[in-house]
Amino acid sequence: MDQIFMEKAIELSAKAVEHGNEPFGAVLVKDNEIVYENENQIYTRNDPTFHAEFGLIRNFCEETGITDLSEYTLYSSCEPCFMCCGAMVWIKLGRLVYGASDINLCEILGVKGSECSKIVFEQSGANIAVTSGVLRENAVDVLKKYFINHKK
């Protein structure tokens with residue numbers, strides 16, 4: 001099932017580019033069913049914090065009133081940044097699955113990357129299960145296509 005939900009997250013990352021944003025997408029799943037999805041919207045919302053994951057968390061919690069996501073899995077086309085990982089700690093996310101790593105992204109950008117999720121989750125003591133590298137090459141391809149012509 002991870003591949004099916006990751007395909008959707010990667011599809012959303014490509015749609016984010018079509019909508020004028022950076023190529024990141026996220027899907028929230030409970031009981032093997034997509035309950036919410038979001039794409040990066042930092043440019044169209046004029047909000048540098050409206051990453052795919054952070055925006056998903058913000059909107060889902062506001063719309064549903066649910067703030068404990070320990071029974072949910074979040075699929076992200078790329079490893080979430082420190083800000084988004086921090087939000088995942090606060091909502092007690094049950095599981096994170098991502099495609100490309102921050103290190104993969106930063107290699108494309110020509111800068112040093114880090115294991116954001118590992119650092120934040122371990123330092124905070126959060127008990128969030130992590131599965132990395134699901135459809136990594138597909139996710140990396142979307143990032144490469146975008147960042148070859150755009151600067152971060």
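Hydrogens, waters and symmetry mates play no part in the numbers below; they use all other heavy atoms, side chains included.
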Quickly, which of L12, V17, I10 forms a side chain to side chain contact (heavy atoms under 4.5 Å, CB included) with P23? Name it, please. V17
How far does OG1 of T44 sit from CG of N21, to the nearest 0.5 angstrom? 3.5 Å
Can we say K8 and E11 salt-bridge, meaning some charged N sits less than 4.0 Å from an Asp/Glu carboxylate O? yes
Donor-acceptor pairs are to be reported for all side-chain atoms of residues 78-92 against protein atoms at under 3.5 Å, with residues two or more places apart or in another chain.
| residue | atom | partner | partner atom | Å |
| --- | --- | --- | --- | --- |
| E79 | OE1 | D102 | N | 2.9 |
| E79 | OE2 | C116 | N | 3.2 |
| E79 | OE2 | S117 | N | 3.0 |
| E79 | OE2 | S117 | OG | 2.8 |

Of all residues at least two apart in sequence or in a different chain, which pass the side chain to side chain donor-acceptor pair (under 3.5 Å) check with E37? none
Would you be so kind as to tabulate the donor-acceptor pairs closer than 3.5 Å made by side chains of residues 27-35, with sequence neighbours excluded?
| residue | atom | partner | partner atom | Å |
| --- | --- | --- | --- | --- |
| K30 | NZ | E71 | OE1 | 3.3 |

Mind telling me whether Y75 and F5 have parallel, tilted or perpendicular rings, with 30° and 60° as the class edges? tilted
Counting only heavy atoms not in E62 (residues, nucleotides, ligands), do more than 12 fall under 6.0 Å from its CD? no
Residues forming a ring-ring contact (aromatic ring centres under 6.0 Å, His included) with F121, sequence neighbours excluded: none
If we only count heavy atoms from C-beta on, is the Y43 to E22 side-chain gap below 4.5 Å? yes
First locate atom CG of L74, then atom CZ of F60, and finally report the distance between them rounded to the nearest 0.5 Å. 10.5 Å
Does one hydrophobic cluster hold both I108 and I103, with members joined at side-chain heavy-atom distances below 4.5 Å? no
Test of understanding: clusters of I, L, V, M, F, W, Y form through side-chain heavy atoms closer than 4.5 Å, transitively. Do Y72 and V97 belong to the same one? no
Can I get a per-line list of side-chain donor-acceptor pairs under 3.5 Å for residues 45-52, giving both atom names and the distance, sequence neighbours left out?
| residue | atom | partner | partner atom | Å |
| --- | --- | --- | --- | --- |
| R45 | NE | Q41 | OE1 | 2.8 |
| D47 | OD1 | T49 | N | 2.9 |
| D47 | OD1 | T49 | OG1 | 2.6 |
| D47 | OD2 | T49 | OG1 | 3.4 |
| D47 | OD2 | R58 | NH1 | 3.3 |
| T49 | OG1 | R58 | NH2 | 3.1 |
| H51 | NE2 | P48 | O | 3.2 |

Output side-chain donor-acceptor pairs under 3.5 Å for residues 127-148, partner residues at least two apart or in another chain, one line each.
| residue | atom | partner | partner atom | Å |
| --- | --- | --- | --- | --- |
| T131 | OG1 | R95 | NH2 | 3.1 |
| R136 | NH1 | N104 | OD1 | 3.2 |

Is there side-chain contact between D2 and M6, with heavy atoms separated by less than 4.5 Å? no
Grouping I, L, V, M, F, W and Y whenever their side-chain heavy atoms are under 4.5 Å apart, do F54 and F24 come out in a common cluster? no
Nearest heavy-atom neighbours spanning I119 and S114: CD1-CB, 4.1 Å
Find out if a path of hydrophobic residues (ILVMFWY) with successive side-chain heavy-atom gaps under 4.5 Å connects M1 to Y36. no
What heavy-atom pair brings L69 and I66 nearest, and what distance separates the two atoms? CD2-CG2, 3.7 Å
